[in-house]
Amino acid sequence: MTQWVLHVDMDQFLVAVELLRRPELVGLPVVVGGRGDPTERAVVSTASYEAREHGVRSGLALRLAKRRCPDAVFLPVDRPVYEEASARVMETLRSHPGAVVEVLGWDEAFVGVETDDPLATAREVQAAVLAATSLHCSVGIGDTLVRAKIATEFGKPRGTFQLTRDNWMEVMGERPTTALWGVGAKIAARLEAIGIRTVADLAAADEDALVAAFGPSSGAHLGRLGRGGGRSRPDDTPWVARAHGRETTFQADLTTADDVRAALAELAERVVDDVRAEDRPVQRVHLKARFAPFFTFTKVRKLAEPTYDVEVIARTAYELFVALDDDRPVRLLGVRGEMVPPPGGY
DNA sequence: TCTGGGGTCCTAGGACCC
DNA sequence: TCTGGGGTCCTAGGACCC
């Protein structure tokens, strides 16, 4: 028996969950995002495959989604329903004999299994998830987490794909570095500046050069990533949150200090609700502010004493806001509370 | 054309200490 | 007059992911 990693990724998850309770929308372009009103400031969380054909993607402003696909049905984000569906998916994965499940988000997880027929196991997992939830997923099969994760893209929708040491270079070698998990536009540009454009270039790159350009941790990580390497066993230790935050985009920009203070107080209150539930007080306060149209700043301050006190957190956030010394209208505010680590650390 | 809301991790560099 | 070498703690800021 061999150790394999499966990466299970739900297909158009938010839309799929909505279609279960609105079957009449199956086959139509459906967009889930914000409060479901395309005239508001909000973005697409998930678009159905039919909507994607019109160029609607996650992260696109709802207003633009409406323009690109005027016939789309817009639905509001309904977190509790997705959390519930997600929990059933994860429970199904954990019920597979011998499975070690590492959750990555609402709609995806790594599953470590021992099997001589990983494709058959992947099919079993897909069938079990479908039976338990009526939802379809794609499964990437790999000999490392990175390979399994990237394989999934080639299996979508409802399919599987296998990526291992043997076919990694053949499949990935000529692709740009942005095809890798964790390499975005900025990192890709910095790599290109030192002559690395493709995955094959990165795999062959000199480790010292990568470390010189990206530091000891990131440099070594990038080299491994190019070769598809890294961890090969999922880790199922329960997740312990480092921080909780809340942020809001205002439909009408804020212009007065009182409005800002009131908004920060409300956000701080919601943050404290979350950190109380963790039973670990806030030790550092992060303030995020976006001024119209797109300048975003974050500031951090460590508190003298860890606290659950909403007043202290809200006042600290406001002090950080004032320190920005920017009098443009405010489009977004966020407060994040970084908690004291649990006994024994993370 | 307009950019959510929830997160994590890393690096650089200053302040300070021995 | 010039200035080691190791370490910790802190903030700022960048980048990425779902």
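Protein chains get the first letters and strands the later ones, always in sequence-line order, with residue 1 at the start of each.
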Chemist: Select one nucleotide: of dC18(C), dA15(C), dG6(B), the one nearest the side-chain heavy atoms of Lys186(A).
Modeler: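 Looking only at side-chain atoms, Lys186(A) lies closest to dA15(C).
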Chemist: Taking atom P of dC18(C) as reference, at what distance in whole Å does atom CG of Leu145(A) sit?
Modeler: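 After rounding, the gap between these two atoms is 13 Å.
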Chemist: Between Phe110(A) (CZ) and dC17(C) (P), how many Å, whole number?
Modeler: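 The distance from CZ of Phe110(A) to P of dC17(C) comes to 13 Å, rounded to the nearest Å.
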Chemist: Indicate, with a heavy-atom threshold strictly under 4.0 Å, whether Trp106(A) touches base, sugar-phosphate, or nothing.
Modeler: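 Nothing: the residue Trp106(A), judged by heavy atoms under 4.0 Å, touches no strand.
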Chemist: Once you round it to whole Å, what is the distance between P of dG7(B) and NE2 of His286(A)?
Modeler: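 Interatomic distance, NE2 of His286(A) to P of dG7(B): 11 Å.
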Chemist: Can a side chain N or O of Arg336(A) be found less than 4.0 Å away from OP1 or OP2 on dG7(B)?
Modeler: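 Affirmative; the distance criterion is met.
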Chemist: May I have the distance from Phe13(A) (atom CZ) to dC17(C) (atom C1'), rounded to whole angstrom?
Modeler: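 Phe13(A) atom CZ is separated from dC17(C) atom C1' by 17 Å.
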Chemist: Each nucleotide N or O in nucleotides 9-13 of chain B that has a protein N or O under 3.5 Å away: list the pair and distance.
Modeler:
| from | atom 1 | to | atom 2 | distance (Å) |
| --- | --- | --- | --- | --- |
| dC9(B) | OP1 | Arg242(A) | NH2 | 3.3 |
| dC9(B) | OP2 | Arg242(A) | NE | 3.1 |
| dC10(B) | O3' | Ser218(A) | OG | 3.1 |
| dT11(B) | OP1 | Ser217(A) | N | 3.0 |
| dT11(B) | OP1 | Ser218(A) | N | 3.2 |

Chemist: Using a cut-off of 4.0 Å on non-hydrogen atoms, how would the nucleic acid contact of Val183(A) be classed: base, sugar-phosphate, or nothing?
Modeler: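 Sugar-phosphate, no base atom in range.
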Chemist: So what does Gly34(A) hit on the nucleic acid, given a heavy-atom distance under 4.0 Å: a base, only sugar-phosphate, or nothing?
Modeler: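 Gly34(A): no heavy atom of the nucleic acid under 4.0 Å.
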Chemist: Could you state the atom-to-atom distance from CZ of Arg68(A) to P of dT3(B) in whole Å?
Modeler: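 Computing the Arg68(A):CZ to dT3(B):P distance gives 14 Å.
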Chemist: Can you tell me which residue among Arg242(A), Lys302(A), His286(A) is in a side-chain hydrogen bond (donor to acceptor under 3.5 Å, both in side chains) with Glu338(A)?
Modeler: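 It is His286(A); the other options fail the test.
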Chemist: State whether Arg331(A) places a side-chain N or O below 4.0 Å from either non-bridging phosphate oxygen (OP1 or OP2) of dC2(B).
Modeler: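 Indeed not, no polar side-chain atom of Arg331(A) lies that close.
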Chemist: When you measure from the side chain of Ile187(A), which nucleotide among dC2(B), dA15(C), dC17(C) comes out closest?
Modeler: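 Nearest nucleotide to the side chain: dA15(C).
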Chemist: Does the side chain of Arg227(A) reach to within under 4.5 Å of the side chain of Leu202(A), using non-hydrogen atoms?
Modeler: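 No, every pair of side-chain atoms sits at 4.5 Å or beyond.
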Chemist: Give the dot-bracket line for DNA chain C from 5' end to 3' end: parentheses for intra-strand Watson-Crick or G-U pairs under 3.5 Å, square brackets for crossings, | for inter-strand pairing, dots for unpaired.
Modeler: ....||||||||||||||
Chemist: Compare the minimum distances between each of dT8(B), dG5(B), dC17(C) and the side chain of Lys149(A), then state the nucleotide with the smallest one.
Modeler: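 Nearest nucleotide to the side chain: dC17(C).
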Chemist: Rounded to the nearest Å, what distance is computed from the NE2 atom of residue His7(A) to the P atom of nucleotide dC17(C)?
Modeler: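 Going from His7(A) (NE2) to dC17(C) (P), I get 12 Å.
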Chemist: Let me see the working for Asp37(A) and Thr39(A) under side-chain hydrogen bond (donor to acceptor under 3.5 Å, both in side chains), right down to the final yes or no.
Modeler: CA-CA 5 Å; Asp37(A) 178 349; Thr39(A) 67; 2.7 Å; yes
Chemist: Select base, sugar-phosphate, or nothing to describe what Arg67(A) touches, counting heavy atoms under 4.0 Å on all strands.
Modeler: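 Sugar-phosphate only.
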Chemist: Quick one: is Thr249(A) getting a side-chain N or O under 4.0 Å of the dG5(B) phosphate, OP1 or OP2?
Modeler: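 Checking Thr249(A) against dG5(B): at least one side-chain N or O falls below 4.0 Å of OP1 or OP2.
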Chemist: Look at the side chain of Arg280(A) and the backbone N and O of Ala241(A), then say whether any donor-acceptor pair between them is shorter than 3.5 Å.
Modeler: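 Indeed, once roles are kept as given, a pair shorter than 3.5 Å links the two residues.
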Chemist: Carefully, step by step, assess Ser86(A) and Asp107(A) under the rule side-chain hydrogen bond (donor to acceptor under 3.5 Å, both in side chains).
Modeler: CA-CA 6 Å; Ser86(A) 174; Asp107(A) 66 338; over 6 Å; no
Chemist: Is Val300(A) touching bases, backbone alone, or none of the nucleic acid, heavy atoms closer than 4.0 Å?
Modeler: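 Sugar-phosphate, no base atom in range.
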Chemist: Under the salt bridge (Lys or Arg N to Asp or Glu O under 4.0 Å) criterion, do Glu102(A) and Arg231(A) qualify, and how do the steps go?
Modeler: CA-CA 12 Å; Glu102(A) 179 172 339; Arg231(A) 270 203 290 150; 2.9 Å; yes
Chemist: Please report the distance, rounded to the nearest Å, between NE2 in His244(A) and P in dG6(B).
Modeler: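 Rounding to the nearest Å, NE2 of His244(A) and P of dG6(B) are 11 Å apart.
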Chemist: If you apply the rule side-chain hydrogen bond (donor to acceptor under 3.5 Å, both in side chains), what do you find for Ser138(A) with Thr152(A), and how did you get there?
Modeler: CA-CA 6 Å; Ser138(A) 303; Thr152(A) 311; over 6 Å; no
Chemist: Quick check for you: among dC17(C), dG5(B), dC2(B), whose closest atom lies nearest to any side-chain atom of Ala61(A)?
Modeler: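 My answer, after comparing the listed nucleotides, is dC2(B).
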Chemist: Just how far, in rounded Å, is C1' of dC2(B) from CZ of Phe291(A)?
Modeler: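 That distance rounds to 19 Å.
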Chemist: Measure from NZ or CZ of Arg315(A) to the centre of the six-membered ring of Tyr318(A) and say whether it is under 6.0 Å with the direction within 45° of the ring axis.
Modeler: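 Not satisfied by the 6.0 Å and 45° rule.
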Chemist: Under 6.0 Å from the CD atom of Glu305(A), do we count more than 12 heavy atoms belonging to anything else shown?
Modeler: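 No, not enclosed.
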Chemist: Using the P atom as the reference point in each nucleotide, state the distance between dA15(C) and dT3(B) in Å, no decimals.
Modeler: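 Per the computed distance, 22 Å lies between those P atoms.
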Chemist: Which is true for Ser58(A) with a 4.0 Å heavy-atom rule: it touches a base, it touches only sugar-phosphate, or it touches nothing?
Modeler: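 Ser58(A): no heavy atom of the nucleic acid under 4.0 Å.
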Chemist: Counting only heavy atoms from other residues, nucleotides and ligands, does the tally under 6.0 Å from CD of Glu83(A) exceed 12?
Modeler: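 More than 12 heavy atoms, drawn from other residues, nucleotides or ligands, come within 6.0 Å of this atom.
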Chemist: Please state whether the phosphate of dG6(B), meaning OP1 or OP2, lies under 4.0 angstrom from any side-chain nitrogen or oxygen of Arg246(A).
Modeler: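 Answer yes for this pair, as a side-chain N or O of Arg246(A) is under 4.0 Å from OP1 or OP2.
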Chemist: Closer to the 5' end of DNA chain B via nearest nucleotide, is it Arg79(A) or Arg63(A)?
Modeler: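 Residue closer to the 5' terminus by nearest nucleotide: Arg63(A).
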Chemist: Would you say NE2 of His96(A) has more than 12 non-hydrogen atoms from neighbouring residues, nucleotides or ligands within 6.0 angstrom?
Modeler: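 Yes, the 6.0 Å shell around NE2 holds more than 12 heavy atoms from other groups.
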